[in-house]
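Values in this document were obtained by computation on a predicted structure and should not be read as measured data. Note that these values count all heavy atoms, side chains included, but never hydrogens, waters or copies made by symmetry.
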Amino acid sequence: MTIPVPSAPTSVYFDNAATTPLDPEVLDAMMPFLSQHYGNPSSLHGPGRQVRAAIENARKTVAHLINAAPAEISFTSGGTEADNYAAFGSIRTLGLKHAITSRLEHHAVLHPLQALAKTGEIELHYLRHDAQGQFDLSHLEELLASQSRTFVSLMHANNEIGNLNDISTIGDICARHDAVFHTDTVQTMGHYRHDVQQLKNHFLVGSAHKFHGPKGVGFLYTRSGLQVSPLIHGGSQERNVRSGTENVYGIVGLAKALEIAVRDLAAHQAHVQGLKDRFITSLRAEIEDVQFNGLSAQADQSLYTILSVSLPQSAINEMLLFNLDISKVAASGGSACTSGAQAGSHVLEALECDPNRATVRFSMSKMNTAAEVDYAVAQLAKLYRPVAVKA
């Protein structure tokens with residue numbers, strides 16, 4: 001059965017893995033710190049103390065939501081800075097000589113570790129994975145058993161193909177070998193519950209704009225007792241961890257966004273998983289030989305907000321995202337950080353995906369609807385439906 005093409009909406013936004021719309025509740029929480037409370041939080045006068053209190057309340061909120069201590073939370077400019085801080089700070093402070101990661105990690109992890117390897121500060125090892133992107137944890141055991149104390153960075157969920165990784169088991173393996181474990185949770189923060197008392201990680205990362213907060217603000221959880229050197233010098237902010245006047249309204253917005261995300265998590269997860277299931281069923285019905293990258297179509301093994309679609313070879317492939325955009329459908333060809341670049345996805349390359357097939361990543365949020373899914377599928381099917389040739 002062919003899905004009828006719904007009337008064209010103003011726009012359909014399915015690039016939430018890149019960034020999410022700001023929640024109106026979050027904007028309301030931020031507004032007083034954009035218009036009224038402008039004191040510098042390092043100042044000792046009343047306006048400064050008022051703003052300082054807002055930052056510390058936000059720190060307590062974030063800490064409570066992941067079951068951490070407030071002193072273990074540092075605010076950053078986003079996930080990339082937090083990942084860099086964990087890598088450079090721990091490796092250099094602790095004198096670590098080995099690091100383990102995967103070729104599927106975000107560039108915010110890969111590039112710092114590759115930079116450290118290039119200067120000879122560490123020996124970098126890549127964890128094996130299969131054609132679907134599943135990690136070989138026996139290989140992790142082998143690598144850790146064969147070297148001295150090691151920095152391990154493996155993400156919770158892949159930002160391109162949505163694979164969920166068992167960070168609880170990975171943490172247990174790292175703990176047995178006294179490894180320093182960092183996990184990039186940028187895509188899953190606000191979409192799953194994280195309890196750092198149950199995990200064995202030393203670092204955990206969040207970025208507000210991935211869960212309906214503002215851009216330009218994130219946080220790093222650093223397990224108590226692990227002292228690492230700062231990346232940014234010049235002040236004593238964030239307990240001497242990160243210098244620079246704090247992004248107050250961003251920090252307030254981050255805390256509020258995470259609070260809302262955790263509060264409404266069950267309802268939003270059910271809603272978004274329903275949208276993803278609808279996408280999968282409709283695409284299979286409408287497009288011949290449609291496939292899904294990694295574990296993207298496996299509900300119990302992938303992030304419910306991401307669907308990575310592999311489309312058959314066609315002349316339309318080079319202009320796929322452009323044509324979707326013309327049809328008012330916003331999506332991504334892979335990682336948002338390389339969208340529009342000439343280089344292909346390093347994740348799909350590592351999985352040895354067929355370069356003749358096009359990939360489009362649809363990433364959903366609580367603000368999307370079933371009607372938007374139907375419209376996006378109809379537009380995609382129209383591009384790939386065989387055109388009848390007149391006799």
Side-chain angles (χ1 to χ4, degrees), residues 3 6 9-24 26 106 155-164 185-193 206-213 215 257-258 260-287 290-311 320-321 324-325 327-337 339 347 359-381:
I3 298 175
T10 304
S11 65
V12 173
Y13 185 77
F14 281 123
D15 202 16
N16 291 278
T19 195
T20 54
L22 189 68
D23 190 299
V26 174
H106 193 281
M155 59 180 18
H156 186 202
N158 190 276
N159 54 298
E160 293 195 37
I161 57 175
N163 284 23
L164 279 173
T185 48
V186 164
Q187 288 296 336
T188 59
M189 186 62 60
H191 303 294
Y192 292 88
R193 294 186 184 276
S207 187
H209 74 113
K210 305 295 188 179
F211 47 87
H212 302 282
K215 298 176 183 65
L258 190 57
I260 293 168
V262 173
R263 180 193 74 193
D264 301 335
L265 194 148
H268 290 156
Q269 183 168 3
H271 170 69
V272 177
Q273 184 65 59
L275 298 180
K276 182 174 178 177
D277 292 343
R278 189 182 187 96
F279 247 128
I280 294 168
T281 300
S282 299
L283 286 168
R284 282 174 170 159
E286 291 298 307
I287 301 177
V290 69
Q291 298 173 15
F292 302 96
N293 295 307
L295 301 173
S296 184
Q298 307 300 316
D300 59 338
Q301 294 178 286
S302 67
L303 175 57
Y304 59 90
T305 59
I306 290 179
L307 182 65
S308 181
V309 183
S310 175
L311 295 156
L320 174 57
L321 294 181
L324 285 175
D325 189 44
S327 300
K328 301 186 173 71
V329 177
S332 172
S335 168
C337 296
S339 293
V347 172
T359 289
V360 57
R361 180 188 68 181
F362 293 108
S363 47
M364 298 141 277
S365 84
K366 64 183 182 180
M367 296 184 182
N368 288 122
T369 67
E372 291 176 332
V373 172
D374 292 345
Y375 179 80
V377 171
Q379 297 307 311
L380 199 60

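Using a distance-only test at 3.5 Å, with no hydrogens or angles considered, a donor-acceptor pair links the side chain of H191 to the main chain of K210. In this structure, E372 contributes its side chain and T369 its backbone to a donor-acceptor pair below 3.5 Å. At distances below 3.5 Å, not a single donor-acceptor pair connects side-chain atoms of S310 with backbone N or O atoms of Q291.
Contact detail for I306 and N159: the closest heavy-atom pair is CD1-O, 3.4 Å. Across all their heavy atoms, L164 and A157 have their closest contact at CD2-CB, 3.7 Å. Across I161 and S308, no two heavy atoms sit closer than the pair CA-CB, 4.0 Å. K276 and L307 make their closest contact through CE-CD1, 4.1 Å (heavy atoms, listed as atom of the first residue, atom of the second, distance). Taking both residues in full, the closest heavy atoms of F14 and A376 are given as CE1-CB, 3.8 Å, listed atom of the first, atom of the second, then distance. Between V26 and G213, the closest heavy-atom pair is CG1-CA, 4.3 Å.
In this structure, Q187 and M155 have side chains that are not in contact, with every pair of non-hydrogen atoms separated by 4.5 Å or more. For the pair Y13 and T19, the minimum side-chain heavy-atom distance is below 4.5 Å. Side-chain contact between F292 and Q298: absent, with no pair of heavy atoms (C-beta onward) separated by less than 4.5 Å.
A donor-acceptor contact closer than 3.5 angstrom links the side chains of H156 and T188.
Just one of V329, I287, V290 meets the side-chain contact (heavy atoms from CB on, under 4.5 Å) condition when paired with L380; it is I287. Under the side-chain contact (heavy atoms from CB on, under 4.5 Å) test applied with K366, the options D23, N16, T20 reduce to a single match, D23.
Between Y192 and Y304, the ring center distance clears the sub-6.0 Å criterion.
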